[in-house]
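One-based numbering along the sequence shown. Bear in mind that the values here come from a model prediction, so they are computed numbers and not experimental data. All ligand and atom numbering here is 1-based and tracks the order in the structure.
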Amino acid sequence: MKNIVILGGGFGGVQAALTLEKKLKKLRVKNDYEIILVDKEPHHTFTPLLYEAATTSKNLADYVELKSLVSFPFAELFKDKNIRVVNDVILHIDTAEGLVHLKQSKIRFEYLVVALGAETNYFNMFGLEENALPLKTFMDAIRLRDAIWRRAEEGAERLRVVIGGGGSTGVELASEIKEWTRELQEEVNKSCNIDVMIIEGSKNILPGFDGRVVRKVEKRLKKIGVAIVRDEKVDKVTQKDIILESAEKIAYDILVWAGGVKAVPLTEKMPLKKEKRGRIEIMGGLECIPESPDLKIYGKIYAVGDAACIINPKTNLPVPQVARAAITQGKIAAKNIIEDIKKQNFLSKKIKQYVYKPMNYPYIVPVGGKYAVAKIGLIVISGLLAWIFKGVVELNYFLSIMNPFKALKIWLHGLRVFIQNDRLG
Ligand SMILES: Cc1cc2nc3c(=O)[nH]c(=O)nc-3n(C[C@H](O)[C@H](O)[C@H](O)COP(=O)(O)OP(=O)(O)OC[C@H]3O[C@@H](n4cnc5c(N)ncnc54)[C@H](O)[C@@H]3O)c2cc1C
C-alpha cells in the first residue's frame, strides 16, 4: 500500500483529501493507495467565524453549541469516505526518507501535501506573547470571550480592550466586541463600558485592501466607537501597558494580538526552497522545490495554503494567506497527484498538468452587527447586503465539505445564534 499523506486538516488539507478521495476511487489502482490526513486537532476549524464565537454571550450558546458551529470533527466530515485520519502532532518531516515522524508513530509517504497553515507571529517583541491573547483556534476564541466576560462579571466599570493589528481579523473582532457591550451588560447585570482600540503599524488599517473598502470600514468603525491608532508599531508590552516605538504608553486590560502570522517551524526546517518569511516556495503545479538540485527528495511533495508562497505575476506580490487560496490549491495539488498516479501506473496516455492561477479573491470584512464591506471583482458593496453575501459564502463552503443536510443544519443553527449576536444598525 502506498500512502498519500496530507499534513494539516485546515482549508487546504480538507479540500486536498476530499478531491483525492473522489478522484482516486475512479482509478483501477484505488486499492493500492491510502489517503491519510494528519492533524493535531480532531476537527477542522472554520476561522471566519471565530470572531463570532469570541463575542457570543453565554446565554445565547454554551461551549458545546458554539464549538459545533465553528469546528467540524474529521470523523464526521470523512464518514463513508476512504480517508484515514491520524490525530497526532507532527514532529519532523524526513523528506529524503519519505517519513513523517509523529508523537506516537511514523508514517511513510509516497506523496505528501503540506497544508500546515501558519502560526501567530509575535515578532520577538518583548512581553507580547506572554501578555496577549491570539485568535487562531476555537479555544483561543473561548479564552477571549471568557476573559472579557469575567472582567465584566467581576464588576469592572471600564474595560480597555486593545487589538494589535488592523488586518481583517483585528477589524472584525474589534467591531464585534464593541457591539457586544450592551448585551454583555444585560447578561452580567452590571454596567461595564468596553473601550476598543486597534493599533496598526501601517498608515491605514487593512493594508493591501482596496481604498474604497478601507474608507467604508473606517467610517463604520468610527460610528460604532472603535478607536484606531495608525502608523504606530508596538515596541514592548508589560502586564498593564503597551509601549509603542514612539514611546507612547497605552494602558490595557485585555490585549489581543492579530498582528501577523509566520511559517510553522516544521516547514521552516524542511530542505525546500522558502521565501524570506519561511513559507515554502511552490511551482505552478504546487510542487515544492528542493533547496539544492543534488538533494534527494523522496516522493512528490506539494505545499498549499498559508504554508506555501506563490507570486501573483499581475501584482508581483505573494498570493494572500486566505481560505479561498488554500481551497483552490488543495484541489490542484490533489488533481496533480492523481495525474501522477495515472502516469506511474500507465493508466492514461494523456497526463494533464493542473496549474494554479493566482487571482484577486473576493473578500468580505464584517464590521459589527449585520454590516459588512465586500469587494467582488471591481465592485464594492457594504451594509446588510454584504453581510448576507457573507452568509451565502459560508453556506457554500459548508456544502463543499459536508452533505447538504448537515451543511444546511449547521449553517441555519449558526445563523440563529449569530443573528441574535449581530444586532442591526
Ligand atoms: C481569526 C481568523 C479569521 C480568518 N478569517 C478569514 C476569512 O474570513 N476569510 C478568509 O479567506 N481567510 C480567513 N482567515 C485566514 C484563513 O483561516 C487561512 O488563510 C486558512 O486557514 C489557511 O488554510 P490552510 O489549510 O493553509 O491552514 P489552516 O487552515 O491553518 O490549517 C492548518 C492545519 O494544520 C494543523 N497543524 C499545524 N501544525 C501541526 C502539527 N505540528 N501537527 C499536526 N497538525 C498541525 C492545524 O491544527 C490546522 O488544522 C482567517 C484566519 C483567522 C486566524
Give the residue and atom name of whichever protein heavy atom lies nearest to [atom], and the separation in Å to one decimal.
atom                    : result
atom 30 (O) of ligand 1 : Gly117 CA, 3.8 Å
atom 45 (C) of ligand 1 : Leu116 CD2, 3.6 Å
atom 7 (C) of ligand 1  : Pro48 CG, 3.6 Å
atom 34 (O) of ligand 1 : Gly8 CA, 3.4 Å
atom 43 (C) of ligand 1 : Lys40 N, 3.1 Å
atom 52 (C) of ligand 1 : Thr47 CB, 3.7 Å
atom 23 (O) of ligand 1 : Ala326 CB, 3.6 Å
atom 42 (N) of ligand 1 : Ile90 N, 2.9 Å

[options]: member with heavy atom nearest to [atom]:
atom                    : options                        : result
atom 53 (C) of ligand 1 : Leu135, Thr169, Thr120         : Leu135
atom 21 (O) of ligand 1 : Phe11, Phe74, Tyr361, Tyr397   : Phe11
atom 10 (C) of ligand 1 : Pro362, Gly170, Ala303, Ala323 : Ala323

N/O separation below 3.5 Å, Gln321 to ligand 1: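 Checking ligand 1 against Gln321, an N or O pair does fall under 3.5 Å apart.
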Polar atom proximity, Gly12 to ligand 1 (N or O, under 3.5 Å):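 Indeed, backbone or side chain, Gly12 has an N or O that close.
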Can you name the atoms of ligand 1, numbered from 1 with element, that are less than 4.0 Å from a heavy atom of [X]?
X      : value
Val89  : 42 (N)
Gly10  : 25 (O), 28 (P), 29 (O), 31 (O), 33 (C), 49 (O)
Glu41  : 47 (O)
Leu266 : 41 (N)
Gly305 : 26 (O)
Asp306 : 18 (C), 19 (O), 20 (C), 22 (C), 26 (O)
Lys136 : 53 (C)

Atom [atom1] of [X] with >12 non-hydrogen neighbours under 6.0 angstrom:
X      : atom1 : value
Lys136 : NZ    : yes
Asn360 : CG    : no
Asn59  : CG    : yes
Lys273 : NZ    : no

Salt bridge or not between [X] and [Y]? Use side-chain N to carboxylate O under 4.0 Å.
X      : Y      : value
Glu218 : Lys222 : no
Arg158 : Asp253 : no
Glu268 : Lys262 : no
Glu65  : Arg416 : yes
Glu339 : Lys335 : no
Lys300 : Glu110 : no

Run the contact test for [X] against ligand 1 with a 4.0 Å cut-off on heavy atoms, strictly below, and give the result.
X      : answer
Glu172 : yes
Asp39  : yes
Leu7   : no

Check: Phe138 ring centre within less than 6.0 Å of His43 ring centre: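 Ring-ring flag for Phe138/His43: false, centres at least 6.0 Å apart.
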Plane angle bin for Phe398 and Phe72 - parallel if under 30°, tilted between 30 and 60°, otherwise perpendicular: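 Ring orientation, 0 to 90° scale: perpendicular.
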Tyr111 versus Asp340, side-chain donor and acceptor atoms under 3.5 Å: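 There is such a pair (donor and acceptor under 3.5 Å, judged by atom type) between the side chains of Asp340 and Tyr111.
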Donor-acceptor side-chain pairing of Thr120 and Trp257 below 3.5 angstrom: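 Checked: Thr120/Trp257 side chains show no N/O donor-acceptor pair below 3.5 Å.
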